[in-house]
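In what follows, a single structure is set out as structure tokens and then discussed.
In the text below, chain A, chain B and the rest are named by the order of the sequence lines, each starting its count at 1.
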Amino acid sequence: MRTLDAMLETSPWFVALGAPARERVRTSLVVREYPTTAFVCRKGEPSDHWIGVIEGLVKLNALSPSGKCVTFTGVPAGSWFGEGSVLKREARKYDVIALRASRVVLMPEATFHWLLDTSFSFNRHLLMQLNERVGQFIGMVEHERLLEPDAKVARALASLFNPQLYPATGPQIQISQEELGYLAGVSRQRVNQALQQLEKAGLVKAEYSAVTILDLDGLRCFEG
DNA sequence: GCATTAACACGTA
DNA sequence: TACGTGTTAATGC
């Protein structure tokens with residue numbers, strides 16, 4: 001995923017639009033670049049855009065009053081997020097931070113609501129995406145309460161490769177073990193141990209600041 | 001017992 | 001140099 005146009009061609013709701021609507025959407029979009037650790041959005045800001053990741057990886061993040069950090073989800077290239085707050089016309093509820101150099105596309109709120117009012121394919125896509133997210137987050141609660149750390153790390157990794165939400169993701173993801181820890185809810189040291197177990201089981205290959213998935217289905221049902 | 005934090009040496013970009 | 005990794009020791013639930 002290198003360019004905005006490549007991103008749009010893999011967005012099913014966009015492909016389904018007629019030429020005039022595509023043009024209207026296309027001209028309203030703005031592309032921005034962010035270096036690693038930069039804020040794409042901050043908690044409390046107005047939600048005036050739907051956000052797509054063209055290149056890179058961003059995370060939805062929250063910081064506790066005592067300074068602890070949790071990551072709700074990582075968003076890889078090819079996917080859109082942030083519709084919840086735009087739909088409700090409320091302030092951003094979480095920080096969005098680039099995990100590595102990332103190119104992002106912003107769709108203005110006005111375009112978003114116009115699509116909502118005029119395009120069945122857009123509505124259908126949004127419904128699918130929200131439904132998929134509900135399933136993902138319910139799964140997260142289940143894993144958080146029921147699974148051991150090795151399995152939590154396995155599911156956290158697998159969640160970054162949801163083909164419904166993230167259609168155009170290759171098998172390798174560039175993410176540090178510390179960030180995986182924030183995503184899985186375990187310490188960096190424990191992530192390191194878990195990755196060694198998952199590697200031994202032939203499910204992943206751990207690399208420097210990256211993980212390659214070898215067996216996605218195996219990761220999804222890994223229980224130790 | 002097991003995970004977490006802290007601390008350290010080492011390797012990599 | 002700055003950051004990520006692999007490991008160990010002390011601490012806490």
Side-chain angles (χ1 to χ4, degrees), chain A residues 1-3 6 31-43 53-79 81 94-104 136-162 166 168-216 218-224:
Chain A
M1 197 77 55
R2 289 268 170 276
T3 66
V31 173
R32 294 217 179 126
E33 312 258 355
Y34 296 90
T36 305
T37 73
F39 281 82
V40 177
C41 313
R42 283 177 192 271
K43 181 179 177 180
V53 180
I54 300 172
E55 179 74 26
L57 178 67
V58 306
K59 64 172 177 177
L60 275 57
N61 206 60
L63 214 55
S64 81
S66 63
K68 281 187 181 173
C69 175
V70 288
T71 298
F72 298 112
T73 183
V75 185
S79 43
F81 68 94
Y94 311 108
D95 293 321
V96 179
I97 300 172
L99 285 181
R100 57 175 198 265
S102 298
R103 189 177 310 117
V104 157
Q136 183 163 338
F137 282 98
I138 286 179
M140 281 170 64
V141 176
E142 181 185 359
H143 303 154
E144 173 65 31
R145 309 260 172 102
L146 298 179
L147 295 181
E148 302 184 1
D150 286 357
K152 282 194 204 179
V153 172
R155 308 297 171 104
L157 262 175
S159 75
L160 296 173
F161 293 86
N162 178 324
Y166 316 130
T169 308
Q172 194 200 45
I173 185 136
Q174 199 192 316
I175 187 171
S176 71
Q177 296 180 3
E178 182 172 25
E179 291 298 342
L180 267 178
Y182 295 138
L183 192 58
V186 300
S187 67
R188 172 185 74 78
Q189 292 87 335
R190 195 58 188 78
V191 168
N192 185 272
Q193 288 182 35
L195 284 179
Q196 292 178 29
Q197 291 303 311
L198 297 175
E199 194 161 32
K200 210 173 289 179
L203 303 176
V204 304
K205 174 150 180 53
E207 291 148 289
Y208 186 81
S209 198
V211 179
T212 298
I213 274 51
L214 302 177
D215 179 357
L216 185 53
L219 263 191
R220 287 210 183 91
C221 60
F222 182 85
E223 286 173 352

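Distance CG (A:Asp150) to P (B:dC2): 12 Å, rounded to an integer number of Å. Atom pair A:Glu178:CD and C:dT5:P shows a separation of 9 Å (rounding to whole Å applied). Regarding A:Arg100, its CZ atom lies at a distance of 16 Å from the C1' atom of C:dC3, rounded to whole Å. Going from atom CD of A:Glu207 over to atom P of B:dT12 covers 13 Å, rounded to whole Å. If you take CD of A:Gln177 and P of C:dG4, they are 11 Å apart, rounded to a whole angstrom. As rounded to whole Å, 10 Å separates atom P of B:dT4 from atom NZ of A:Lys68.
Using modelled atom types, no side-chain atom of A:Gln177 and backbone atom of A:Val191 make a donor-acceptor pair closer than 3.5 Å.
Pairs passing the side chain to side chain donor-acceptor pair (under 3.5 Å) check and including a residue from residues 34-43 of chain A, sequence neighbours excluded, do not occur.
Under the 4.0 Å criterion applied to side-chain N and carboxylate O atoms, A:Arg190 and A:Asp150 are assigned as salt-bridge partners.
For A:Glu148, the CD atom counts as loosely surrounded, since its 6.0 Å shell holds 12 or fewer non-hydrogen atoms of other residues, nucleotides or ligands.
Rounded to the nearest 0.5 angstrom, A:Ser176 OG and A:Tyr182 OH are separated by 8.0 Å.
Tested against A:Arg155, the residues A:His143, A:Glu144, A:Glu142 include a single side-chain hydrogen bond (donor to acceptor under 3.5 Å, both in side chains) partner, A:His143.
Near DNA chain B, defined here as any heavy-atom distance below 4.0 Å, the residues from residues 186-200 of chain A are A:Val186, A:Ser187, A:Arg188, A:Gln189, A:Arg190, listed numerically.
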